[in-house]
Amino acid sequence: MGLHEAQRRAVDHAASWLGSVAERPVGVPVDAESLRARLGTLPDEGVDPAIVIDELATALEPGLVATPGPRYFGFVTGGTLPAALAAEWLVTAFDQNAASYVMSPASAVAEEVAGSWLLELLGLPAGAAVGFVTGAQMANVSCLAAARHAVLARRGWDVEAAGLASAPVPAVLIGEKAHSTLLQSLRLLGLGAGTARRVPADGQGRMRPDALRAAMASTDGPVLVCAQAGEVDTGAVDPLDAIADLVEERPGSWLHVDGAFGLWVAASPTRRALLAGRARADSWAIDAHKWLNVAYDCGMAIVHDPEASRAALATTAPYLALGARDPSASTPESSRRARAVPVYAALRSLGRHGVGELVDRCCDLATQAAAELAASPRVEVLNEVVLNQVLFRAPGVDTAALLDRVRRDGTCWVGGTTWHDSAAVRFSVSNWSTTAADITRSTTAIIAATAQLTAG
Ligand SMILES: *Cc1c(COP(=O)(O)O)cnc(C)c1O
């Protein structure tokens with residue numbers, strides 16, 4: 001009752017996808033031309049909705065990658081917790097506009113509650129602004145917009161009104177291993193990706209405090225420093241306390257932490273010491289679609305001073321009648337979906353302990369993967385496995401050929417990168433459903449692929 005036939009079929013297709021995602025070949029290569037052909041051309045006349053859904057599911061099938069499955073270790077990719085997926089369906093069915101309280105009190109209050117739970121779980125200051133955005137990319141943009149506002153306002157410059165031409169722009173210092181989306185954020189905000197000073201990192205990719213001190217010595221006045229919790233290749237976390245000490249020596253400065261996945265480690269009682277000092281920053285970017293295992297797209301921009309967030313990001317127009325606490329005051333977007341609802345469902349279904357256990361389990365599985373890989377004489381593990389990331393190479397084996405061989409086998413999916421100027425493989429464990437057996441199956445397949453390539 002209540003569902004249109006098309007929607008009933010969609011539920012069936014979703015069920016068959018979810019039922020197959022753990023065992024189907026994870027992501028075998030497919031050519032784009034055949035996918036295009038399957039999708040056809042724009043019809044002159046409309047097609048029955050139920051048929052549209054059946055044909056759409058069939059057409060897309062060969063191009064689907066089992067990224068939500070238990071043996072997808074590419075990039076940093078979470079799956080979707082059962083409660084988060086179900087909540088996502090409700091979000092779409094409710095079709096609420098989360099831009100403002102008056103448009104949807106339910107969405108606005110869900111954001112408030114999920115946001116405050118998040119701050120509590122991560123050990124960040126209560127009362128900080130939490131903006132629900134598409135992911136860490138927009139979280140970095142939103143946080144750095146607030147930073148740009150605050151640092152310039154303290155110097156008497158109204159950047160929102162006057163722009164950046166002749167503004168007393170602060171020196172921007174970022175780690176040598178800063179994420180590409182941080183550079184993109186600096187570009188979008190007119191702060192310049194090329195003029196940012198790159199602070200050298202140690203062998204694991206952590207910003208070196210002595211190098212930050214040296215870089216700051218050649219600048220005057222307030223600085224904007226971007227640290228990182230969770231380097232994409234190694235999982236390394238910058239020494240946040242030592243960095244905060246240095247930033248504090250320059251009044252009027254701002255410290256941002258890109259913690260897209262690494263910040264979740266704050267939920268783990270045994271590992272959170274890695275993030276000591278995190279609460280001393282001014283802003284934090286974090287993803288929900290990575291380690292919290294909420295569906296795409298969802299990330300959070302957290303800004304300690306809600307005024308800075310509001311001044312930089314709030315949209316105003318007489319007809320909108322926005323209040324200070326309206327959700328759109330902490331994101332650059334206007335109309336958007338109620339992203340906090342699946343976050344709420346994920347946090348409630350796991351509980352405080354469950355989030356910590358999820359994080360610990362993934363880190364333990366990464367340690368297991370590293371040990372199994374390192375046990376092969378053909379594989380060299382390149383990083384200290386501190387979180388959920390394993391970086392390795394197979395000496396004497398072409399990395400691109402290894403990635404291709406592993407993908408064609410279909411047991412698991414791993415990604416490539418360049419580390420210290422040579423090709424390497426990344427293995428990231430971020431999925432709620434991955435088991436120890438999945439790790440062993442995958443490392444066995446990887447080691448077998450290296451053996452085949454060595455044999456000729
Ligand atoms: C993934 C990631 C991002 C970008 O996140 P999106 O979800 O792709 O927007 C930014 N920073 C770090 C450290 C990341 O790992």
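All ligand and atom numbering here is 1-based and tracks the order in the structure. Everything numeric here is computed off the predicted structure, so don't read it as measured data. By convention here, the first residue in the shown sequence is residue 1.
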Look at the side chain of Gln204 and the backbone N and O of Ala236, then say whether any donor-acceptor pair between them is shorter than 3.5 Å.
-> no
So His289 and Tyr296, would you call those rings parallel, tilted or perpendicular, with 30° and 60° as cut-offs?
-> tilted
Residues in the immediate environment of ligand 1 (any heavy atom closer than 4.0 angstrom) |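 Answer by chain and number: Gly135, Ala136, Gln137, His179, Thr181, Gln228, Gly230, Val232, Asp258, Ala260, Phe261, Asp287, His289, Lys290.
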Considering only NZ, NE, NH1 and NH2 on the basic side and carboxylate oxygens on the acidic side, decide whether Arg405 and Asp409 come within less than 4.0 Å.
->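 Salt bridge between Arg405 and Asp409, a charged N being under 4.0 Å from a carboxylate O: no.
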Taking the six-membered ring for Trp, are Tyr344 and Trp117 ring centroids under 6.0 Å apart?
->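 Ring centres of Trp117 and Tyr344 closer than 6.0 Å.
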Take Gln389 and Val76, measure what side-chain contact (heavy atoms from CB on, under 4.5 Å) needs, and give me the verdict at the end.
-> CA-CA 8 Å; Gln389 309 295 116; Val76 182; 3.9 Å; yes
Please report the C-alpha distance between Arg337 and Glu111 in whole Å, then the side-chain angles of each, then the deciding distance to 0.1 Å, and finally whether the salt bridge (Lys or Arg N to Asp or Glu O under 4.0 Å) criterion is met.
-> CA-CA 11 Å; Arg337 60 196 282 105; Glu111 292 207 355; over 6 Å; no
